[in-house]
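First the proteins, then the strands, lettered A, B, ... as listed; each starts at 1.
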Amino acid sequence: YPNIGRVATDKEVAAWDIDVRPDFKGLPKGSGSVTKGMEVWESKCASCHGTFGESNEVFTPIVGGTTKEDVKAGKVAALTDNKQPQRTTLMKVPTVSTLWDYINRAMPWTAPKSLTTEEVYAVTAYILNMAEVLPDDFVLSNENMAEVQKRMPNRNGMTTNHGMWALKGKADVQSVACMKDCKGETKIRSELPDSARNVHGDLSQQNRSFGPVRGVDTSKPPST
Amino acid sequence: YPNIGRVATDKEVAAWDIDVRPDFKGLPKGSGSVTKGMEVWESKCASCHGTFGESNEVFTPIVGGTTKEDVKAGKVAALTDNKQPQRTTLMKVPTVSTLWDYINRAMPWTAPKSLTTEEVYAVTAYILNMAEVLPDDFVLSNENMAEVQKRMPNRNGMTTNHGMWALKGKADVQSVACMKDCKGETKIRSELPDSARNVHGDLSQQNRSFGPVRGVDTSKPPST
Amino acid sequence: GSALAQAAASAATDGDVNILTLPEHSTTLGKPVAANPYGVPSRFETNLLRRESPGLTRVNAASVSFTPLQGLFGIITPSGLHFERHHQGWHDIDPGRHRFMVNGLVKNPKVYTMDDLMRLPSVSRIHFIECGANTAMEWGNVAVPAVQYSHGMLSCSEFTGVPLSVLLDDCGYDRKAAKFILAEGADGSGMTRTIAIEHALDDVIVAWGMNGEMLRPENGYPLRLVVPGVQGVSWVKWLRRIEVGDKPYATKDEAIHYIDAMPNGSYRQYTSIQECKSVITTPSAGQRLLDKGFYNITGLAWSGRGKIKRVDVSVDGGKNWRAARLETPVLSKCLTRFNIDWVWDGSPVVMQSRAVDESGYVQPKINELRAVRGTKSIYHNNAIQSWKLDVSGEVSNVQVY
Amino acid sequence: GSALAQAAASAATDGDVNILTLPEHSTTLGKPVAANPYGVPSRFETNLLRRESPGLTRVNAASVSFTPLQGLFGIITPSGLHFERHHQGWHDIDPGRHRFMVNGLVKNPKVYTMDDLMRLPSVSRIHFIECGANTAMEWGNVAVPAVQYSHGMLSCSEFTGVPLSVLLDDCGYDRKAAKFILAEGADGSGMTRTIAIEHALDDVIVAWGMNGEMLRPENGYPLRLVVPGVQGVSWVKWLRRIEVGDKPYATKDEAIHYIDAMPNGSYRQYTSIQECKSVITTPSAGQRLLDKGFYNITGLAWSGRGKIKRVDVSVDGGKNWRAARLETPVLSKCLTRFNIDWVWDGSPVVMQSRAVDESGYVQPKINELRAVRGTKSIYHNNAIQSWKLDVSGEVSNVQVY
Ligand code: HEC
Ligand code: HEC
Ligand SMILES: [Ca+2]
Ligand SMILES: [Ca+2]
Ligand SMILES: [Ca+2]
Ligand SMILES: [Ca+2]
Ligand SMILES: [Ca+2]
Ligand SMILES: [Ca+2]
Ligand SMILES: [Co+2]
Ligand SMILES: [Co+2]
């Protein structure tokens with residue numbers, strides 16, 4: 001394609017190529033301590049995510065629901081027993097690179113990409129410290145990330161054994177299209193709770209005032 | 001389709017079924033004189049179409065370009081010799097029903113469907129009188145419309161001998177898709193006159209400021 | 001190209017400042033969802049608008065606004081840019097009070113509300129609509145500076161409605177006597193057009209939907225006729241009535257206008273089908289190429305007689321032609337977008353496209369059209385369009401044969 | 001139905017006053033062309049809007065607005081009503097300053113301007129986009145009152161752009177080593193998603209056009225990735241970069257979200273394909289039928305694995321099914337609208353639709369999904385949707401099995 005595009009300079013690639021993979025390809029050299037991370041957290045993160053990463057105010061909690069046993073097993077038990085009311089970030093995330101990469105590119109939310117490399121290392125360390133994955137005196141660095149990965153509470157929590165990635169993958173749920181006198185129960189198992197009827201506003205205002213149907217006036221209870 | 005639509009009442013059909021066909025189906029009983037038509041014209045039509053139907057202000061002229069010979073022949077000569085600068089309504093219209101129907105449904109332009117039946121007869125008569133198709137003392141009515149039709153200057157001016165009506169009609173122009181070393185002249189026969197360059201405004205403002213091309217700044221002459 | 005120049009300049013050094021210095025949107029929080037509950041185009045998209053052609057008509061309520069084909073993609077016309085042609089202005093009609101009537105040669109003349117109509121079995125189909133007067137200004141010599149004005153009485157949308165055949169059946173139309181229908185609008189002009197019963201029963205739709213939502217007011221809200229393949233004037237807007245009859249109606253717009261002047265002084269009446277046509281939209285007249293090198297030549301082809309079979313493109317004024325890629329799906333009586341690779345070496349070029357439809361009809365040259373129909377015809381100009389590219393990069397409108 | 005009542009009342013006498021007394025728009029002159037150079041919907045079309053679901057997210061710049069499927073027609077989503085999902089808000093980016101980079105396992109890492117990209121060979125294709133979290137609120141019990149909220153993270157548009165394969169070729173990607181690509185956005189979230197190279201080379205488009213015009217800002221203006229069949233989060237908006245790599249990237253939205261919780265406590269990672277699904281849009285929950293009699297039941301079906309083969313509709317809660325009419329063209333990874341005739345006799349009804357795609361996959365019941373995936377899965381709920389019609393005419397959301 002003559003005269004279309006041009007070769008990127010090294011500096012241009014460096015400016016944008018910020019992704020960090022699970023094998024730490026892309027991870028810049030550097031380090032940051034838990035102590036420094038606490039400073040970063042309290043000044044730049046806690047207002048949204050809570051002092052302990054527990055806040056549900058702007059997003060689901062980041063920290064919580066993981067145990068020392070999970071760190072050993074690499075599988076978060078609360079994901080099976082469902083005792084934790086919400087699934088926190090640390091309960092789910094299998095890879096420490098994911099945290100590093102995401103904080104580096106997107107946090108703090110209103111000033112993404114404003115953290116220094118040290119700050120990203122530090123605050124990542126601090127989050128893992130809050131979750132008791134890393135000790136108080138830990139200094140996270142490109143050198144020891146692989147070791148830290150081995151302590152991620154849900155590092156063994158993922159499977160790619162399913163058919164929803166490959167274009168010709170096999171579906172896990174196999175239904176059958178019965179056409180006549182189909183067996184099995186056809187009972188109503190769940191209905192809209194009354195409390196949810198008008199939560200989205202009056203539906204009569206969310207449909208046309210003409211046509212085959214009208215919107216239901218959900219500010220009133222159902223007529224039956 | 002159970003419970004869809006309902007039968008129209010006679011009055012409803014009468015209120016809307018106003019079309020008048022070339023065979024005068026739909027023409028209501030009534031009449032109107034050329035004299036009365038002149039009143040209507042001067043009070044309700046002339047401001048737009050001109051006192052003699054000649055105005056080019058809001059639309060092409062209604063009257064003009066037809067002759068006594070055309071009335072006899074039923075074919076307007078100026079359509080062949082192209083001596084008339086513009087083709088007026090009366091040069092083209094083959095059917096008097098068309099005038100009656102259109103004036104009745106659409107004129108005057110800012111108050112369509114406001115004329116009485118008598119006014120429509122009258123002003124139709126007056127237009128034909130201006131064109132010297134009908135005499136000054138004529139009274140047009142549902143009874144004599146068929147006679148008037150026989151005096152329409154271009155009543156024989158139409159042909160339906162073409163392939164552009166039927167779904168499978170035969171095309172009149174048959175080109176051939178030559179692919180290589182095609183013969184025949186490929187000369188530029190006509191170019192945009194300089195005077196037309198900027199008439200539609202500056203084209204640089206009518207194209208995106210990015211993409212494969214830019215709009216030409218037509219406020220300046222071409223660069224060659 | 002200040003952006004281009006800038007990019008080139010900084011590229012010579014460390015790189016493009018637009019890359020090296022992260023843009024504001026990469027380092028700040030953006031706007032919330034539903035900031036626009038009904039979204040609008042970017043603030044940078046203010047140039048492509050429906051525009052009038054000065055002097056084409058004398059009053060702008062009986063006039064045309066043209067679709068900016070020069071910058072559109074694919075086949076769907078954004079509804080906000082659909083061309084307009086009104087004869088007595090447009091209205092925003094209350095759909096709750098709109099009524100639709102079928103009368104004439106039917107067992108039961110009926111009245112339908114919008115509620116009634118929208119309960120009936122509906123279909124959605126993508127069709128082009130072209131005004132019979134599209135490209136009229138160019139029957140004689142070159143007259144307009146851009147494809148918006150030469151070809152912009154052309155749009156293409158997904159229309160939804162009930163097949164007219166369903167309604168005619170519902171009213172019990174007279175299968176023996178019925179030969180024509182009359183469609184009538186509710187606007188001041190009471191626009192009326194005759195349609196053959198075969199066509200009416202074939203693929204005509206009484207439509208309320210356009211591109212997924214209700215028709216826009218300018219396009220007939222809440223109801224218009226869709227008459228695939230036929231000139232736009234028959235797609236009666238603000239539709240209020242269909243009459244079934246046994247003779248054509250010779251309405252104003254089929255006895256005084258939309259008639260085709262022949263060289264022998266006669267007029268062809270009832271010419272309604274829009275024959276096969278195509279045009280290159282980018283690059284096109286009034287545009288400037290910034291650079292030599294690769295370009296995707298792209299344009300539109302359509303036929304009122306069915307599907308597009310092939311589009312050929314010439315970049316040497318018609319001596320040699322190459323078949324372009326047709327985008328899929330190729331649908332009947334619908335725009336088909338074509339694309340073809342091309343490298344501009346900086347020399348002057350005349351580019352043209354030529355469409356062939358499934359009936360085998362080949363889009364003609366303007367001189368071929370004129371040989372049969374003369375130069376006064378106005379309507380139905382489907383000639384091959386030529387664009388001249390100058391060494392300066394400027395493209396202009398020319399006629400070539 | 002005051003209009004209905006009025007019509008009925010007057011019909012008893014001489015007829016409907018809306019017919020007998022000509023409406024104002026039939027007796028006056030309307031508005032001129034280009035009154036709106038970029039047109040907008042009728043003043044009577046103010047109810048169908050993108051809306052949020054209260055409580056779904058805590059901040060509205062990392063949230064969703066839903067498409068009002070309950071009143072749309074055909075398959076094209078009006079661009080103003082395209083659903084929104086932003087992670088760090090939306091921006092209206094200056095296209096003159098926007099750059100696109102390809103790097104990684106390529107011979108030449110390259111930078112393209114919008115000018116460059118839009119000169120390349122382009123394609124236009126109609127595809128659905130569905131958020132992986134569409135219908136998530138209903139993995140457990142019934143939670144939302146209308147199809148806008150249960151299924152409205154779904155839209156369908158004609159997208160135009162350059163095939164990603166063209167760009168990868170242009171940069172000389174490493175045919176042996178390349179296994180994945182990473183797509184990255186220019187917004188604050190720098191949205192990143194991994195895509196398999198087979199998919200990237202298949203039908204992925206680097207798109208600038210949507211429904212004939214440029215993308216809307218909320219949908220990624222001026223550039224987004226189109227990844228047909230795959231959940232919306234991969235259709236990276238405000239696209240700035242593609243990296244070619246040999247391993248997946250486990251980005252935040254593929255390691256913490258858009259992972260599917262299984263009953264054994266594990267998560268399925270890299271589940272991207274949107275499996276076959278359908279829903280009746282009219283009548284649907286939150287709507288009321290005014291009357292017994294004929295209705296056109298209509299809805300949408302789609303599959304990330306190709307074309308829709310069949311859609312069945314039941315009006316007895318799943319005991320008996322009839323095949324619906326599919327509107328044409330039926331396109332791959334595109335919405336397909338279905339319609340079926342139905343007469344309501346006034347008794348209670350549970351209506352459902354069930355789609356089958358060309359792979360033979362049958363849209364499952366919610367209990368069949370749960371039997372495999374449990375109730376915590378959130379994403380990829382493609383269960384059969386049931387609507388209950390009450391004797392009062394009110395339709396509501398229920399789960400039936
Ligand atoms: C102004 C509010 C705000 C601030 C300040 C903020 N965040 Fe966030 N954070 C959010 C929101 C909102 C999200 C969810 C974004 C989304 O939906 O993609 C989020 C997501 C995250 C996540 C991913 C959680 C998950 O499960 O997806 C991490 C990790 C995170 N923030 C860390 C931080 C760190 C570290 C800082 C400070 C350096 C910080 N945040 C500052 C609002 C904030
Ligand atoms: C306010 C301006 C105005 C007034 C007043 C007016 N007209 Fe018109 N007339 C027009 C315009 C504009 C058109 C073209 C409409 C169109 O484009 O369809 C027209 C068209 C016509 C035509 C059709 C001409 C053709 O060739 O299509 C006839 C006949 C006509 N008018 C007769 C009348 C009569 C009779 C009256 C009075 C009773 C009248 N007009 C009053 C503006 C006016
Ligand atoms: Ca260049
Ligand atoms: Ca990288
Ligand atoms: Ca706090
Ligand atoms: Ca009824
Ligand atoms: Ca009649
Ligand atoms: Ca005058
Ligand atoms: Co027209
Ligand atoms: Co999503």
Side-chain angles (χ1 to χ4, degrees), chain B residues 1 4-8 12-13 16-17 19 21-23 57-58 79-80 89 92-95 97-98 102 105-106 112 157-160 162 164-165 167 171-173 175-177 179-180 182 186 188-192 196-197 199-200 203 205-208 212-216 218 222-224, chain C residues 47 54 58-59 70-71 101 103 108-112 116 119 141-142 145-146 149 170 182 188-190 192 199 241 247 249-250 252 255-256 265-273 282-283 286-289 295 317-321 356 361-362 364 368-369 372 390 392 394 396-400:
Chain B
Y1 304 108
I4 300 287
R6 60 168 176 81
V7 170
E12 286 173 332
V13 174
W16 279 11
D17 182 4
D19 59 89
R21 285 198 321 206
D23 63 358
E57 298 268 304
V58 306
L79 296 174
T80 311
T89 305
K92 295 184 284 175
V93 63
T95 32
S97 64
T98 303
Y102 180 66
R105 72 172 57 243
M158 299 287 143
T159 172
T160 54
H162 57 74
M164 291 171 75
W165 175 255
L167 286 173
D172 56 347
V173 180
S175 191
V176 177
M179 293 299 286
K180 262 185 109 83
C182 306
T186 55
I188 292 179
R189 310 287 181 151
S190 169
E191 301 207 46
L192 188 74
R197 183 171 170 80
V199 163
H200 290 75
L203 295 182
Q205 304 302 311
Q206 301 182 20
N207 283 273
R208 290 194 186 87
V213 295
R214 297 292 183 279
V216 169
T218 49
S223 42
T224 46
Chain C
N47 285 358
R58 301 154 200 82
V59 282
Q70 66 272 23
M101 183 187 286
N103 75 315
N108 296 308
K110 285 187 77 170
V111 169
Y112 302 85
D116 290 327
R119 283 169 62 176
N141 284 316
V142 170
Y149 308 107
D170 190 47
L182 180 77
S189 81
T192 34
H199 207 154
R241 190 169 69 97
K247 292 201 174 131
Y249 290 81
K252 182 263 246 176
I256 309 178
S266 73
Y267 275 103
R268 287 183 175 166
Q269 199 175 13
Y270 302 113
T271 56
S272 66
I273 290 171
T282 313
Q287 297 184 330
R288 194 162 43 87
L289 276 55
Y295 286 87
K319 280 194 208 81
N320 294 284
W321 299 78
V356 182
Y361 177 90
V362 177
E368 292 174 322
L369 268 182
V372 176
D390 195 87
S392 70
E394 179 168 337
S396 63
N397 187 358
V398 294
Q399 281 185 1
V400 168

Check [X] against [Y] and note the closest heavy-atom contact, atom names and distance.
X         : Y         : result
Val199(B) : Pro54(C)  : O-CG, 3.2 Å
Val13(B)  : Pro109(C) : CG2-CB, 4.3 Å
Met101(C) : Glu12(B)  : CE-O, 3.4 Å
Glu394(C) : Arg197(B) : OE2-NH1, 2.6 Å
Trp165(B) : Ser272(C) : CE3-OG, 3.7 Å
Ser266(C) : Thr159(B) : OG-CG2, 4.0 Å

Mind checking whether [X] and [Y] have side chains closer than 4.5 Å, heavy atoms only?
X         : Y         : value
Arg105(B) : Ser189(C) : no
Tyr1(B)   : Asp116(C) : no
Leu182(C) : Arg21(B)  : no
Asn320(C) : Lys180(B) : yes

Among [options], which has the most heavy-atom pairs under 4.5 Å with chain C?
options                                   : value
Thr89(B), Asp19(B), Val176(B), Val7(B)    : Asp19(B)
Ala177(B), Pro94(B), Ala196(B), Pro212(B) : Ala177(B)
Thr80(B), Val93(B), Leu192(B), Thr95(B)   : Leu192(B)
Val58(B), Asp17(B), Ile188(B), Leu79(B)   : Asp17(B)

Interchain contact, [X] with chain B, by part (heavy-atom threshold 4.5 Å):
X         : result
Tyr295(C) : side chain
Asn141(C) : both
Tyr361(C) : side chain

I'd like to know if the side chain of [X] reaches the main chain of [Y], judged simply by a donor and an acceptor atom lying under 3.5 Å from each other, with no hydrogens or angles considered.
X         : Y         : answer
Lys247(C) : Pro22(B)  : no
Arg119(C) : Ile4(B)   : no
Glu191(B) : Ser396(C) : no
Ser190(B) : Gln399(C) : no

Closest-packed option against chain B by number of heavy-atom pairs under 4.5 Å, given [options]:
options                                    : result
Asp170(C), Asn108(C), Leu289(C)            : Asp170(C)
Gly286(C), Gly190(C), Pro364(C), Gly317(C) : Gly286(C)
Val400(C), Asn103(C), Val59(C)             : Val400(C)
Asn397(C), Leu369(C), Thr192(C)            : Thr192(C)

Kindly compute the distance separating [atom1] ([X]) from [atom2] ([Y]), expressed to the nearest 0.5 Å.
X         : Y         : atom1 : atom2 : result
Thr282(C) : Asn207(B) : OG1   : CG    : 8.0 Å
Trp321(C) : Met179(B) : CH2   : CE    : 9.0 Å
Asn47(C)  : Leu203(B) : CG    : CG    : 10.5 Å
Gln269(C) : Thr160(B) : CD    : OG1   : 8.0 Å

- Task: Under 4.5 Å heavy-atom distance to chain C, tell me which part of Thr218(B) shows up: side chain, backbone, both or neither.
- Result: neither

